[in-house]
Amino acid sequence: MVDTNSSIRSRLCAIVGEDSVRDSANERHAYSYDATPIVTGAPDWIVFPQTTRQVSEVLRLANEERIPVIPRGSGTNLAGGTVAVAAGIVLNMTRFNRIVEIDESNLTVTVGPGVITADLHRAVEARGLFYPPDPGSMRISTIGGNVAQGAGGMRGLKYGVTKDYVLGLEYVLPTGEILRCGGKNYKDVAGYDLTRLLVGSEGTLAVITELTLKLLPLPESKRTMVVYCKRMVDAARIVERTIAAKIIPATMEFLDQSTMRVVDQFAHLGLPTDVAAMLLIEQDGVEQQVDRDIDRIAQIARKVGATDVQVANTPEDGARLMAARRSALAALSRLRPTTILEDATVPRSELATMVSEIERIAEKYQVQICTFGHAGDGNLHPTCMTDERDAEELERVDAAFAEIFEVALRLGGTITGEHGVGMAKAKFLPKRVGEDGIQLMMRLKQAFDPNGILNPGKIFVRVPDWQHVAE
Ligand SMILES: Cc1cc2nc3c(=O)[nH]c(=O)nc-3n(C[C@H](O)[C@H](O)[C@H](O)COP(=O)(O)OP(=O)(O)OC[C@H]3O[C@@H](n4cnc5c(N)ncnc54)[C@H](O)[C@@H]3O)c2cc1C
């Protein structure tokens, strides 16, 4: 049955209340994009549910009327994951912002999906506990967005990423059923692992309404160091030799020369401009062990030929060194009107090869690409500064990134290490998982979402046949 827009609006208001349905031109415009450049699409309505029951009722209505629903946290994803390509309802989950329980016996925290990542860090750290995943956007991003996107961060090397901390979920199917999977058990192999399936499902399978996450004891101390190298290959070798020496630092980040230059102009950190790369390394844990690891990494770095090694003596010094990495994207985005940040990932041993391939490709297509990222994870962020108004340049940028992903795959890597597929990478996914892989994923999608109403146009280029009432 096809309903009219105004009757859909009144039915939405009846579920969540008049104040929680927005559809002014300004608000529809504000929700027509996320942190991803170039892609846009305005929703018909932005709906702010506050209870799981309301989410269920909105989904039932949308499913009945075949209206696309786009779950959204803070909209900081870089894959076009919350763009309303087919209009419909943006389901803004930020009002689910309650920390329900910090369970010190089971070392778990139960939260609403709208809790801001950094707020969760603060809340658990106040109890001497630790939630390691720390995406660069953590002061804005939501836990629901982190989990649905499968976010990574700077502490992935030692502690793993978001997916490694999700124990249980409450979620609502697009057909309205409210379900739970997992819980507080650290061990649970009862049936298929639906928790893992929903992590990284990018809002295409279900809407997450509550999460139980694993915690660790807060490490007692932390130290930071920075290493400058004349050649990228030296930086890569330091990473490899450190790990081969059985030291797993909490963080091993790198910036290439072009990123360093831009960051220094932006943040005035006094970075050298005559080196090819810098590594930012952080170790945490028991104080003596941290000191020993930092000394050993410094020895390894000098032996490999680092031009300089600086160890922060105070936490403030450490934070100053880390500022270079944290300000990389902000610094780069000042250069040109459009900044495209990608996240090709390769086995750690291929890091130096991948960086030089990116340089070659940038030269070939005459585009400006700076690279930084998580060296310890082989997760690179080649970032292109361009101007979306210049169609000819954008074609070259597209061709350059297509070749970057091809090279990453050839080196045994992947098209995305942490930002997800969304719209941005959908066309590359078959190259990563194969046509049979796509078919299987689409069958899973159909089992969860028979009418294809949940976040259409994401992950898959081809979508099941859904109908949009407002067209
Ligand atoms: C400056 C900057 C730095 C960043 N650094 C990192 C980084 O270090 N590592 C990293 O991995 N990413 C990083 N990102 C990308 C982004 O911040 C992450 O993907 C983050 O997890 C998105 O969270 P969000 O709340 O903004 O989610 P949104 O962007 O709102 O949504 C992300 C996806 O999750 C879905 N979703 C959201 N909430 C729900 C829900 N409750 N139920 C079901 N689906 C839902 C959406 O439909 C969408 O597909 C960065 C982005 C920026 C702008």
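Index from 1, following the sequence. Here the structure is a predicted model, which is why all the values come from computation and not from measurement. Ligands are counted one by one from 1 in listed order, and the atoms in each one are counted from 1 as well.
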For His419 and His381, take the angle between the two ring planes, folded into 0 to 90°, and tell me which bin it lands in: parallel under 30, tilted 30 to 60, perpendicular over 60.
parallel
How far is atom 4 (C) of ligand 1 from its nearest protein heavy atom, and which residue and atom name does that atom have?
Ser137 N, 3.6 Å
Identify the protein heavy atom lying closest to atom 27 (O) of ligand 1, giving its residue, its atom name and the separation to 0.1 Å.
Gly145 CA, 3.3 Å
For atom 15 (C) of ligand 1, tell me which residue out of Thr76, Leu205, Val69, Val55 has the closest non-hydrogen atom.
Thr76
N/O to N/O below 3.5 Å, does that happen between Gly75 and ligand 1?
yes
Check Asp284 with Arg223, please: is the shortest side-chain N to carboxylate O separation under 4.0 Å?
no
Between Lys425 (side chain only) and Ile415 (backbone N and O only), is there a donor and an acceptor less than 3.5 Å apart?
yes
Once you restrict to heavy atoms under 4.0 Å, what part of Asn146 touches ligand 1? Side chain, backbone, both or neither.
both
Looking at ligand 1, would Ile70 count as a contact under a 4.0 Å heavy-atom criterion?
no
Salt bridge between Lys184 and Asp103, side-chain N to carboxylate O under 4.0 Å?
yes
Output yes when the distance from some N or O of ligand 1 to some N or O of Gly136 is under 3.5 Å, and no in every other case.
yes
Quick one: does any side-chain atom of Arg28 pair with a main-chain N or O of Pro43 as donor and acceptor, under 3.5 Å?
yes
Heavy-atom gap Asp34 to ligand 1 smaller than 4.0 Å:
no
Is it the side chain, the backbone, both or neither of His419 that has a heavy atom closer than 4.0 Å to ligand 1?
side chain
Heavy-atom distance to atom 44 (N) of ligand 1: which of Gly420, Gly203, Gly112 wins?
Gly203
Ignoring angles and geometry beyond distance, decide whether His374 reaches within less than 3.5 Å of ligand 1 through its nitrogen or oxygen atoms.
no
Of all protein heavy atoms, the one nearest atom 34 (O) of ligand 1 is Ala148 CB, 3.2 Å
Would you call Arg261-Asp264 a salt bridge at under 4.0 Å N-O?
no
Who gets closest to atom 37 (C) of ligand 1 by heavy atom: Gly156, Gly422, Gly73?
Gly73
Can you tell me if Thr94 uses its side chain to pair, donor with acceptor, with the backbone of Gly114 under 3.5 Å?
no
May I ask you to decide whether Glu418 forms a salt bridge with Lys163, counting only side-chain N to carboxylate O separations under 4.0 Å?
no
Salt bridge flag under 4.0 Å for residues Glu65 and Arg60
no
Just let me know how Val161 lines up against ligand 1, side chain, backbone, both or neither, with a heavy-atom cut-off below 4.0 Å.
neither
Could you tell me whether Ser74 and ligand 1 have an N or O pair separated by under 3.5 Å?
yes
Where the side chain of Thr345 meets the backbone of Asp343, is there a donor-acceptor pair that is under 3.5 Å apart?
yes
Answer yes when Glu170 and Arg180 have at least one side-chain N-carboxylate O distance shorter than 4.0 Å, and no when they do not.
yes
Tell me which protein heavy atom sits closest to atom 31 (O) of ligand 1, plus the residue, atom name and distance to 0.1 Å.
Thr82 CG2, 3.6 Å
Main-chain N/O of Thr36 paired with Asp34 side-chain donor or acceptor, under 3.5 Å
yes
Report yes if Asn455 has an N/O atom closer than 3.5 Å to an N/O atom of ligand 1; otherwise report no.
yes
Quick one: look up the protein heavy atom nearest atom 11 (O) of ligand 1 and list residue, atom name and how far away it is.
Gly152 N, 2.8 Å
May I ask you to identify the nearest protein heavy atom to atom 1 (C) of ligand 1, giving residue, atom name and distance to one decimal place in Å?
Leu329 CD2, 3.5 Å
With a 4.0 Å cut-off, would you call Arg348 and Asp377 a salt bridge?
no
Answer with side chain, backbone, both or neither: which part of Ala206 has a heavy atom less than 4.0 angstrom from an atom of ligand 1?
backbone
Closest candidate by heavy atom, reference atom 40 (C) of ligand 1, pool Val172, Ile208, Asp343, Val90:
Ile208
Nearest to atom 33 (C) of ligand 1, what protein heavy atom do you find, and at what distance?
Gln149 OE1, 3.1 Å
N/O of Ala151 under 3.5 Å from N/O of ligand 1, yes or no?
no
Structural part of Arg72 in contact with ligand 1, heavy atom criterion under 4.0 angstrom:
both
Evaluate the side-chain proximity of Tyr165 to Tyr159: yes if any heavy-atom separation is below 4.5 Å, no if none is.
yes
Would you mind checking if Arg336 and Glu388 are paired as a salt bridge, meaning a charged N to carboxylate O distance below 4.0 Å?
no
Would you say Glu202 and ligand 1 have an N/O pair spaced under 3.5 Å apart?
yes
